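Being a predicted model, the structure only gives us computed values, none of them experimental. By convention in this document, chain letters (A, B, ...) are assigned in the order of the sequence lines, proteins followed by strands, and residues within each chain are numbered from 1.
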Protein chains: 2
Amino acid sequence: MKDYEKRFVRYLSENSLKLTRTRRLILDAVFKTHDHVDVDTLYNMIKADHSDVSLATIYRTMPLLVEAGLIKQSLRYQSKDHYEHVFGHRNHIHLLCENCGKIIEISGRHLEEFLKNETQKHSFEFIDYTLNVTGLCHKCRKALNRKIKR
Amino acid sequence: MKDYEKRFVRYLSENSLKLTRTRRLILDAVFKTHDHVDVDTLYNMIKADHSDVSLATIYRTMPLLVEAGLIKQSLRYQSKDHYEHVFGHRNHIHLLCENCGKIIEISGRHLEEFLKNETQKHSFEFIDYTLNVTGLCHKCRKALNRKIKR
DNA sequence: TACATTTTGAGAATGATTCTCAATATTTTC
DNA sequence: GAAAATATTGAGAATCATTCTCAAAATGTA
Ligand SMILES: [Mn+2]
Ligand SMILES: [Mn+2]
Ligand SMILES: [Zn+2]
Ligand SMILES: [Zn+2]
């Protein structure tokens, strides 16, 4: 059994919830992809092999995975929440290219230290952070520069 | 004419858009409040004096104000986008209490320097950032501690 | 295995946001 | 400054992500 499964099983039992086939499928899908996925994408991934799972159940399961500390809703775009698994991963910063939509991830190690310090000054107990930086990726910046020069 | 109005007027004319009564009302409402407001709240604020403005027009105007650099969609909660005016204000960090929902704002000066540096390392052109920290405000932490002890 | 409890799929419902369109306001032209 | 050209508005319909309802099915427990 994978570590993330152990964690989920523990979370479920601690909350008198049951480990079902569908929940396991969703959990696996979530850890199979390393992207930032929305529920509908997940639904289609799962549906490929298991045409019976329902969209509603995926929606219902996401908060459980969040609560269990397995995934996080770290982005919102295209009017949809996007999730990524966080279990076994360090929190990080997202750089969002305003031109092409590319998402670059960079380390958040220093940031976290900084935030723990800053929040403490305000008697605030730090739990987690979400940092999204907008800008232009290298490719887009060069492309736009060329355009301007012409 | 207020500075933010000048900016809006300039933005509009640069884009062959017209300055209308309704747009002015929305702009004023946005700068009257110093909260993080959702569109519906804005609608009710405006409706008090001007029962004729339409919700649709407010929805239509928000992106214009964003584009003009006057406001920013910096939070999402209660399933709604929340905006704040940013013209004339430094960007800042939001501390969100997971228990009571309170939002504390702290300076983002150092963070911005840090981010400009980090993004540069990745050839990414920094434009803006949105940082939300979740945790517990002082009051809630104390209250919860008491609960646990009992 | 039988019971009590939880979960599920399907489809309906909700609610924020966007779109449509005919009527109106604003800017531009002469 | 009036008419022409263009952009905007309010109202309500339409969209679409997300949540809810409920009867049938699955799961954990004794
Ligand atoms: Mn990520
Ligand atoms: Mn703020
Ligand atoms: Zn790009
Ligand atoms: Zn609090």
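Closest to the side chain of B:Y59, out of D:dT9, C:dG9, C:dT17, is C:dT17.
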- Query: Does the side chain to side chain contact (heavy atoms under 4.5 Å, CB included) test come out yes or no for A:L55 and A:V39, once each step is laid out?
  - Reply: CA-CA 8 Å; A:L55 188 56; A:V39 170; 3.8 Å; yes
| request: Assess whether side chain to side chain contact (heavy atoms under 4.5 Å, CB included) is satisfied between B:L115 and A:L131, documenting all intermediate values. | output: CA-CA 10 Å; B:L115 286 178; A:L131 172 53; 3.8 Å; yes
- request: For side chain to side chain contact (heavy atoms under 4.5 Å, CB included), just list the numbers for A:L27 and A:K2, CA-CA rounded to whole Å, side-chain angles, deciding distance to a tenth of an Å, and then say yes or no.
  value: CA-CA 11 Å; A:L27 176 66; A:K2 304 255 172 61; over 6 Å; no
Please walk me through it: do A:E105 and A:H94 pass side chain to side chain contact (heavy atoms under 4.5 Å, CB included)?
CA-CA 5 Å; A:E105 302 186 328; A:H94 291 117; 3.4 Å; yes
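Across the protein-nucleic acid pair, A:D38 atom CG and D:dA17 atom P stand 8 Å apart, rounded to whole Å. We find that OH of A:Y83 is positioned 11 Å from C1' of D:dA17, with the value rounded to whole Å. The distance between atom CZ of A:R24 and atom P of C:dT6, rounded to the nearest whole Å, is 20 Å.
Listed pair A:R76 / D:dT18 meets the phosphate criterion, a side-chain N or O lying under 4.0 Å from OP1 or OP2. For C:dA10, the OP1/OP2 oxygens have no side-chain nitrogen or oxygen of A:S54 closer than 4.0 Å. For the pair A:R60 and C:dT7, the criterion of a side-chain N or O lying under 4.0 Å from OP1 or OP2 is not met.
Of the residues in residues 11-22 of chain A, those with a non-hydrogen atom less than 4.0 angstrom from any atom of DNA chain C are A:S16, A:L17, A:K18, A:T20, A:T22.
Toward the 5′ end of DNA chain C lies the nearest nucleotide of A:L55, the other residue of the pair A:L55 and B:V39 mapping further downstream.
Each end of the helix from C:dT1-D:dA30 to C:dC30-D:dG1 gets its own axis, taken as the rotation carrying the C1' atoms of four end pairs onto the next four within a five-pair window, and the two axes meet at 40° to the nearest 10 degrees.
A side-chain hydrogen bond (donor to acceptor under 3.5 Å, both in side chains) with B:R76 holds for exactly one of B:N132, B:D38, B:D81; it is B:D81.
Neither side chain, B:N44 nor B:T41, offers a donor N or O lying under 3.5 Å from an acceptor on the other.
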